[in-house]
Structures are given as C-alpha cells and as structure tokens.
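Bear in mind that the values here come from a model prediction, so they are computed numbers and not experimental data. Along the sequence shown, the residues carry numbers beginning at 1.
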Amino acid sequence: MPKLLTVSDEIVESLWTERVAERFGSVDLVLAAGDLPFDYLDFLASALDRPLVFVPGNHDADLSAYSRRRGMWFASGFPARYPGPRGAVNADGRVVEVAGLRIAGLGGSIRYNEGPNQWTERQQSRRAARLVRAARGRPVDVLLTHSPPLGVGDRDDPPHRGFACLHTVVERLRPSVLVHGHIHPYGQPVPDRSMGETRVLNTVGYRILDVP
C-alpha cells in the first residue's frame, strides 16, 4: 500500500528543514494540490528523494505554455526557463503513472478574477471531459485537484466554490481518493468526505495518506 505525503496552500515550516527525511522518509510519493512556492516543492522532492506530482493552484504561475523536448524547456516554440518545480510531474489535465499509482490531475479554481489557472464551470467541464478520455476507460487510484467538487468541502463565497464537473469525473474514473486543496481550514477540523466509494480529502498544510 503506497504511502503519500500530500501538501497544498500553506507552508509547513517543519517540512522545510533537513529533518523532513527523518520524519517522512518512508513515503513513496509526494502529491501537491497547488498554491505552494515551487522552491518548497523542489526542496521536498530533493530532501525526501521521492517523485513529486502536482497540479497548479489559482495563485501559481501559468505553466500551460511550457513543454519539454530533447531535455530542454520551450515556451511558444522558443527555449525558455521553466518556472515550475524541477523534476516534478505536472498532472494537470493528464493521467500519469508514478510510484505504482494511476493519478489523474485537474488544477485551478473557479474563475473569480483575471488571474491564472482560473476556469469557468464550462471551461473546466471541457478540461474534465478531456481528462476522462485520457483515462481510456480505466479507473485511477488518485484524483488530484486544486479545488474540491461543488458541495463537497467547498465554500459559498465565489472564489472558493467547487466545480460541479468533478462529480462526473469521480463517477467515470472511480478514484480511491480525491485529494484537493484551496479551502483553508483556519485551525478548524476538516473531516474527510465521501463521494460513493471515493474518499475526499482536504490537504491544506499536509497529510499522510495510504492509498489502497
């Protein structure tokens, strides 16, 4: 049963120290659900010497224009310096297989201003449909998102409303767990929720997770 360190949105100072390997060296994979400094993610992957899979949050840089070819990064066809975490796997809009797990990713939040990685419900629905097609009819182990599904751990204020289309994604991909960020608990307990057989987990800060 793979063990995961999941993080998002809030830096945990105790993780940004060399002793992180002593505490969490047994994890098999790091999952990041967005809105964390990319150098923080670089440090976690390096200090733990584990693969890191992430999706961007609404406060992250827009990485959609970047592609990697022949060991180099390009943006709009020209060589460029990649601003994202080095060596990490960006799962946004993709199904990836890392550490023995199939992970589907869908980053970003509902559109509430002109910032990056924000989508209307219709736009995210189109992205979600492409993600489902990319799974080729096979279930995934983890669905990694920045925002939660509508009505499942989201909030009523416009920036923190979840996506209705994630209900369809869960129904079609049947993940064991949906890991999301974006919703800050501000010290309050955040219970896990369920969507059928899928466990929905808010990972703002960090969580340790065993995935069956």
Enter the distance from Arg161:CZ to Arg155:CZ here, rounded to the nearest 0.5 Å.
-> 15.0 Å
Under 30°, 30 to 60°, or over 60°: which ring-plane class applies to Trp16 and Phe43, parallel, tilted or perpendicular?
-> tilted
Side chain to side chain, Pro148 and Ile183, heavy atoms closer than 4.5 Å = yes
Side-chain donor-acceptor pair present, Asn90, Tyr66, cut-off under 3.5 Å = no
Say whether Met195 and Val132 are linked into one hydrophobic cluster, either directly or through other cluster members, by side-chain heavy-atom distances under 4.5 angstrom.
-> yes
Do His146 and Asn58 have a side chain donor and acceptor closer than 3.5 Å?
-> yes
Over all atoms of both residues, closest heavy-atom pair of Val55 and Ala91 = CG1-C, 4.1 Å
Check whether the side chains of Arg69 and Ser67 place a donor and an acceptor atom closer than 3.5 Å, and report yes or no.
-> yes
Under 4.5 Å between any side-chain heavy atoms of Leu48 and Val30, yes or no?
-> yes
Rounded to the nearest 0.5 Å, the CG atom of Leu173 sits from the CG atom of Leu166 at a distance of 10.5 Å
So, do Pro79 and Trp73 sit near enough that their side-chain heavy atoms are less than 4.5 Å apart?
-> no
Less than 4.5 Å apart, any side-chain heavy atom of Asn202 and any of His180?
-> yes
Identified side-chain contact (heavy atoms from CB on, under 4.5 Å) partner of Leu143 from the options Val179, Leu131, Val95 | Leu131
Rounded to the nearest 0.5 angstrom, the CG-CG distance for Asp28 and Leu101 is 8.0 Å
Going through the distances and angles, do Leu31 and Val7 end up as a side chain to side chain contact (heavy atoms under 4.5 Å, CB included)?
-> CA-CA 6 Å; Leu31 291 184; Val7 296; over 6 Å; no
How about Arg126 and Gln123: does a side-chain donor come under 3.5 Å of a side-chain acceptor?
-> no
For the atom pair CG (Asp9) and CG (Asp35), what is the distance rounded to the nearest 0.5 Å?
-> 5.0 Å
If only atom types and distance count, is the side chain of Glu18 paired as donor or acceptor with the main-chain N or O of Ala47 below 3.5 Å?
-> no
Val140/Arg172 under side chain to side chain contact (heavy atoms under 4.5 Å, CB included): CA gap, chis, key distance, verdict | CA-CA 10 Å; Val140 301; Arg172 298 288 299 278; over 6 Å; no
Is there a side-chain contact between Pro83 and Leu63 (heavy atoms, below 4.5 Å)?
-> yes
Decide whether Val152 and Val177 are clustered together by the hydrophobic rule: side chain heavy atoms of Ile, Leu, Val, Met, Phe, Trp, Tyr closer than 4.5 Å, transitively.
-> no
Compare every heavy atom of Leu15 with every heavy atom of Val20, then report the nearest pair and how far apart it is.
-> CB-O, 3.5 Å
More than 12 foreign heavy atoms under 6.0 Å from CZ of Arg102: is that the case here?
-> yes
State whether the number of non-hydrogen atoms from other residues, nucleotides or ligands found under 6.0 Å of Asp157 atom CG is greater than 12.
-> yes
What heavy-atom pair brings Ile110 and Glu121 nearest, and what distance separates the two atoms?
-> CD1-N, 4.0 Å
Looking only at atom types and distance, does a side-chain atom of Arg127 sit under 3.5 Å from a main-chain N or O of Gly107, one as donor and one as acceptor?
-> yes
Would you say the side chain of Arg207 lies within less than 4.5 Å of the side chain of Asp192, judging by non-hydrogen atoms?
-> yes
Are Arg86 and Asp42 within salt-bridge range, i.e. N to O under 4.0 Å?
-> yes
The reported gap from CG in Leu144 to CG in Leu178 (rounded to nearest 0.5 angstrom) is 8.5 Å
Could you check if a side-chain atom of Val211 sits within less than 4.5 angstrom of a side-chain atom of Leu4, using non-hydrogen atoms only?
-> yes
Under the side chain to side chain contact (heavy atoms under 4.5 Å, CB included) criterion, do Ile103 and Leu29 qualify, and how do the steps go?
-> CA-CA 11 Å; Ile103 303 164; Leu29 174 67; 3.7 Å; yes
What are the two closest heavy atoms between Phe163 and Gly108, and how far apart are they?
-> CE1-O, 3.8 Å
Tell me whether the centres of the aromatic rings in His160 and His182 are closer together than 6.0 Å.
-> yes
Check the side chains of Ser14 and Arg23 for a donor-acceptor pair under 3.5 angstrom, ignoring hydrogens and angles.
-> yes
Can you measure from CG (Asp154) to CZ (Arg193) and round to the nearest 0.5 angstrom?
-> 8.5 Å
Is there a donor-acceptor pair closer than 3.5 Å between any side-chain N or O of Arg174 and the backbone N or O of Asp141?
-> no
Does a side-chain heavy-atom distance below 4.5 Å link Ser8 with Thr203?
-> yes
Between Arg111 and Asn113, the two heavy atoms sitting closest are NH1-O, 2.8 Å
